[in-house]
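What follows is a short report on a single structure.
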Protein chains: 2
Amino acid sequence: MAIYDDILAKVREQLPRMTHARKCVLRCLCESEQPLAANDMQVMLADADVDAATIYRNLETLCQIGVVHKVEMSARGALFALADNDHSHSIKCTECNCRVDIGDCFMAEVEALIQQRTGFDSVRHLVNFTGVCPQCRQPQQQ
Amino acid sequence: MAIYDDILAKVREQLPRMTHARKCVLRCLCESEQPLAANDMQVMLADADVDAATIYRNLETLCQIGVVHKVEMSARGALFALADNDHSHSIKCTECNCRVDIGDCFMAEVEALIQQRTGFDSVRHLVNFTGVCPQCRQPQQQ
DNA sequence: CCCTTATTGCAAATCATTTGCAAGTGAAAT
DNA sequence: ATTTCACTTGCAAATGATTTGCAATAAGGG
């Protein structure tokens, strides 16, 4: 949980209070390899006694101070992730919903290419891969 | 609109009826370079006299026959795109929300790599890039 | 043009997200 | 340890997206 502690320290420098709810939200983000929807956190924190509204408000605050990165997918849907995480990606099977890790994030080169092509700075990415896993591809043979 | 006509023909082969609403949904998907949320289509089709429920039902049907690809972002949120589109990607500025095209999709190699690493088939991707555009990076100097 | 039934529109039901406001609680100062 | 202040929270109500039931509509074959 070194990452968690680092993040906590960083947040303490930027916000006046460190509360139970705020820690819970940060813990969710640290524990997840995937970007999360606010709703996903509600599920993860079902036993933690944190109100849904509080989760939303914390996410907003954490985005404002730059610790969390928000990706707006459409009008109502957004995903959240730690802003500086060293992450990997995974791929989800469309048949059985299993998820397999792909390994270290190989998007750095892609981001560099984008920066070069467009002149954009601070390039970030959200990716989502789907496919059919080896088990589901074969007609199941007992 | 060659793509649109091709898709229409493909759908006609798979479904018994081709309705006004169904055409509208397909047109939205053909016209958009980005994957769309159901809600985005409601906005695009505000004048087209298509009920929201109908949009959702058509998207579900089109996914079932494999013409549309659904990416579930979280419990309630999903994005939709044509399953076989030859697309490009763009990057959105987090400051001014402008969107700049990146050019042809360079994810084919990435998908090949993933296929090799994981054994998954039919690999598809959804990506979302954000950054700070050249205009916003400079403190605005009149 | 008629028939069959897939599809639609409408209304109601669900569920996620946002907002207002009084109560609760960190943390600095005592 | 206690007090104090205002940042945060929980609750409840409001808002808006998505889903579902059902009667009415309309696409396409005969």
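Just so you know, these numbers use all the heavy atoms, side chains as well, and skip hydrogens, waters and symmetry mates. Numbers restart at 1 for each chain; the letters A, B, ... are given by sequence-line order, proteins then strands.
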Verify same cluster id: A:F106, B:L126 (apolar side-chain graph, 4.5 Å): no
Closest-nucleotide ordering on DNA chain D, the 5'-leading residue of B:A53 and B:H20: B:A53
Non-neighbouring partners of A:A53 that pass side-chain contact (heavy atoms from CB on, under 4.5 Å), sequence neighbours left out: A:D51, A:R57
By side-chain contact (heavy atoms from CB on, under 4.5 Å) - contacts of B:T130 (at least two apart): A:H69, A:R124, B:T94, B:N128
Is the shortest side-chain N/O distance from [X] to OP1 or OP2 of [N] below 4.0 Å?
X     : N     : answer
A:T54 : D:dT8 : no
A:T19 : D:dT9 : yes
A:R22 : D:dT8 : yes

Rounded to whole Å, how long is the line connecting atom [atom1] of [X] with atom [atom2] of [N]?
X     : N      : atom1 : atom2 : value
A:L15 : D:dT9  : CG    : C1'   : 15 Å
B:M41 : C:dT8  : CE    : C1'   : 18 Å
A:Q64 : D:dT8  : CD    : P     : 10 Å
B:K23 : C:dT8  : NZ    : P     : 12 Å
A:Q42 : D:dT9  : CD    : C1'   : 15 Å
B:N39 : D:dT19 : CG    : C1'   : 14 Å
B:R57 : C:dG9  : CZ    : P     : 9 Å
A:I55 : C:dT18 : CD1   : C1'   : 14 Å

Salt bridge (Lys or Arg N to Asp or Glu O under 4.0 Å) against B:D84, all qualifying residues, sequence neighbours excluded: B:K10
For B:D121, all residues meeting salt bridge (Lys or Arg N to Asp or Glu O under 4.0 Å), sequence neighbours excluded: A:R137
ring-ring contact (aromatic ring centres under 6.0 Å, His included) contacts in which one or both residues fall within residues 84-105 of chain B, not counting sequence neighbours: B:H87-B:H89, B:H87-B:H125, B:H89-B:H125
Distance-only donor-acceptor test (3.5 Å): side chain A:R12, base C:dG26: no
side-chain hydrogen bond (donor to acceptor under 3.5 Å, both in side chains) partners of A:S90, counting only residues at least two apart: A:Q34, A:R99
By side-chain hydrogen bond (donor to acceptor under 3.5 Å, both in side chains) - contacts of A:D101 (at least two apart): A:S88
A:P16, nearest nucleotide to its side chain (from D:dC7, C:dA6, C:dC10): D:dC7
N/O-N/O pairs, protein side and nucleotides 2-5 of chain C side, under 3.5 Å:
| from | atom 1 | to | atom 2 | distance (Å) |
| --- | --- | --- | --- | --- |
| C:dT5 | O2 | B:R17 | NH2 | 3.4 |

Point-to-point distance, once rounded to the nearest 0.5 Å, from CG of A:D86 to CG of A:L82: 11.0 Å
Atom pair NE2 (A:H20) and OG1 (A:T54), whose distance is rounded to the nearest 0.5 Å: 10.0 Å
Residues within residues 43-51 of chain A bordering DNA chain D, heavy-atom distance below 4.0 Å: A:D49, A:V50, A:D51
Sugar-phosphate only, base, or nothing, as touched by B:A52 at under 4.0 Å among non-hydrogen atoms: nothing
